[in-house]
Amino acid sequence: MPDDSPHEQEAARLANLERVRALGVYPYGTRAEGLVSLARARAAYDAGADEEHQASAKSEHPVDNRPRVAVAGRVMLKRDGGKLIWMNLRDGSGDDLQIAVSKRDCADPGFEIAKATDLGDIVIGRGPLMKTKAGEVTVWAGAFEAASKSLTPPPSKHTGLQDVELRYRQRYVDLWANPETLRVFRARSAVISHIRTLMEARGFMEVETPMLQALPGGAAARPFRTHLNALDIDVFMRIAPELYLKRLLVGGMGRVYEINRNFRNEGVDKQHNPEFTMLEAYEAFGDMGTMIDLTEHLCRESARLVVAMSRGADIASVPDTDLRMPFGEIEIDFGSPFQRVSYRALFQRALGFAATDLDRVWAKAEELGILRKYAKHLAEEGRAEEGRRATAGELRGQVADAIVVNEVFEECAEPTLDHTRPTYITDYPSAISPLTRPKPSDPELADRADLFIGGMEIAPHYTELNDPAVQAEKFRQQLAGLDDEESTFRNFDEDFIRALKVGMPPAGGMGLGVDRLVMMLTNQRSIRDVLLFPFMRPE
RNA sequence: GAGGAUGUAGCUCAGUCGGUAGAGCAGCGGACUUUUAAUCCGCGGGUCCCGGGUUCGAGUCCCGGCAUCCUCACCA
């Protein structure tokens, strides 16, 4: 009798669970020996079938020496033909494989277990590989075992799991129901592993620095605050590892890198998750230029890896000309040399006047409405008359020119970059680069370059500041410009200055947004699609 | 923070003008030893996101709320 409770489908599965138990079989399986992935099983057929077993079939006394395998997988499809049951299994190898359970050929109680198998169950099949009339490689089960029960009905076998929210919240279903999801995360894992290999090959040592910090620094961002009970003090999740990695340079570690999470208490959108993965690297006696070479190398070789994976080909066989990665409506060219343009040149090209032409910059800022938020800030701080918007003339002098130049730059110049060509913007203004060494030839400019790919900022590169006096002064300037809320967690890092006084070698540094790079390489428009468990509001 | 869209069966989705809640797959019963989204016969399954309101009557209209997505703002 059909169960008319709301949990009809679960009840049916529980009934099948009991059918398996009644056979004297534990439905949730045990350790299993000799299993091969479905992809390897298929490969075993291709390798073994042509030579051995076909040679045997043609001989006078054919023996059944078809390759025998043991496979495990989740049941995606089931076609019960009465005394012969067909199923399609899926595992994490990125392949599906068909299995047939015949009443005649399968050892007891395998056939009865197969009868009681529901879509979504995990099963084990052992037997020879064969090809059906239609040419499909199939495990002809001599034994069939239950490995785990799925009490929950699976998503549609046609469409998979489409609901975006469910895909993020129930990634454990998304991963096996939607092959594309598994593809993205296999690529992500391989890229990060490959980056480690590339970094080690260049002599960089991986380190781990504090994620729980008493004094969050190294970037301009609001931190998460938490509490350390043992000492009864507030501590912070790190916003960047930079100040600790530089301490390691002082200590004599010449080339260090860290791949780990940063936490920033800010907006959540398609490009920002509260926690995200960053590669940060520092090279003693390098500079911005060596770092630029490094990120270009890492990005290009990561692209090569992803292309090789998609082809099932060797990484060395993929030429630079094939590194055109689809991203939405465009293709991003990772194979050609990355382009370079200076901050001021890009500004001039996009705006039609120089970044140093401050009258026109301020006028443009006012035209764009950029000044409004500063007027609001000033009003909130009581530095301007309340209820009235300060004019550009009044704001000028209270807001740094470089900040306004940069607002105009980000609004008007950055979007004009060719999204199909990864591009370094070089020679940023020193005033907005507090941890970077000013250029000796022009102290107004910093030895800093930012890599943009597909319209997204992927990585900044710096020639690091190692003069403790200059660094201390820049810290002071930065703190002076902060409002009350920010200054409660932004402090002058005395120990970092003390470390610089010990002497840090000249160095290049960079930070690469790993999630964003993976987005580019896997054609995902949202950072949530490259994070296994993106942050979600609690249900 | 503002605006827009979405929320209906386990999954994917229809639902017209306000008038008894629909389909495919999944599920249940039956048949079937080479099927490929198996097929054939039969059957059951609903907090229409939540809470109010209008109405004789609300999945549908109105108000409030929640969640997700998109755009913008904020934010390196």
Side-chain angles (χ1 to χ4, degrees), chain A residues 1-16 76-88 96-106 111 114 118-120 130-138 140 150-170 173-174 177-178 218-222 239-240 262 264-274 276 278 369-370 372-373 376-377 403 406-407 409-411 414 428 432-435 448 450 452 456-460 486 511 513 516 525-526 528-529 534 536-539:
Chain A
M1 285 296 286
D3 186 341
D4 60 356
S5 80
H7 301 98
E8 170 201 354
Q9 306 224 26
E10 184 172 328
R13 283 154 195 275
L14 282 168
N16 279 334
M76 302 304 294
L77 296 170
K78 180 182 177 187
R79 297 175 291 280
D80 186 341
K83 297 192 176 79
L84 178 61
I85 302 167
W86 302 89
M87 297 182 215
N88 293 64
D96 288 3
L97 197 67
Q98 179 168 271
I99 181 170
V101 185
S102 153
K103 184 174 172 65
R104 188 203 319 128
D105 295 337
C106 188
F111 182 75
D118 290 304
L119 296 186
M130 45 84 73
K131 243 181 196 176
T132 64
K133 285 195 296 198
E136 177 144 353
V137 177
T138 301
W140 192 264
S150 178
L151 295 174
T152 310
S156 161
K157 61 190 180 186
H158 317 305
T159 57
L161 187 62
Q162 295 299 309
D163 186 300
V164 176
E165 184 176 355
L166 281 182
R167 287 185 50 229
Y168 297 150
R169 290 194 193 275
Q170 298 186 27
V173 175
D174 182 36
N178 296 323
R222 290 168 197 271
I239 55 175
N262 290 339
R264 297 189 179 175
N265 203 343
E266 287 169 1
V268 178
D269 60 31
K270 278 205 308 192
Q271 292 179 21
H272 299 83
N273 195 64
F276 62 99
M278 182 93 132
I370 285 169
R372 257 175 296 168
K373 66 179 175 185
K376 204 174 122 209
H377 284 167
I403 301 284
N406 198 50
E407 292 277 2
F409 180 83
E410 288 183 354
E411 182 81 16
E414 270 181 17
Y428 271 75
I432 57 169
S433 312
L435 295 167
R448 165 183 166 190
D450 279 17
F452 284 78
M456 267 201 290
E457 187 184 8
I458 295 288
E486 282 176 312
R516 291 182 177 180
R525 307 309 293 273
S526 169
R528 297 183 149 205
D529 292 313
M536 299 292 281
R537 203 178 287 270
E539 285 182 86

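Note: hydrogens, waters and symmetry copies are ignored here, and every other heavy atom, side chains too, is used. Numbered from 1 within each chain, the chains take letters A, B, ... in sequence-line order.
Of the candidates B:C13, B:A67, B:U34, B:A67 carries the atom nearest the A:E165 side chain, counting heavy atoms from C-beta on. For A:T159, the side-chain atoms get nearest to B:U12 when compared with the rest of B:G10, B:U34, B:U12. Taking only side-chain atoms of A:Q9, from C-beta outward, the nucleotide of B:U36, B:C28, B:A26 with the closest atom is B:A26. Residue A:E8 places its side chain closer to B:G27 than to any other of B:G27, B:C74, B:U36.
For the pair A:K157 and B:A26, the criterion of a side-chain N or O lying under 4.0 Å from OP1 or OP2 is met. Phosphate proximity of B:C66 to A:R537: absent, as no side-chain N or O sits under 4.0 Å from OP1 or OP2. In terms of phosphate contacts, A:K83 brings a side-chain nitrogen or oxygen within less than 4.0 Å of OP1 or OP2 of B:U33.
Mapping A:E136 and A:S526 onto RNA chain B by nearest heavy atom places A:E136 closer to the 5' end of the strand.
A donor-acceptor contact shorter than 3.5 Å links the side chain of A:K78 to the backbone of A:A114.
Residue contacts shown for A:E10 are absent, as no nucleic acid heavy atom lies under 4.0 Å away.
Whole-Å rounding puts the A:N273 CG to B:U68 P distance at 13 Å. Atom CG of A:D80 and atom P of B:G30 are 11 Å apart (whole Å).
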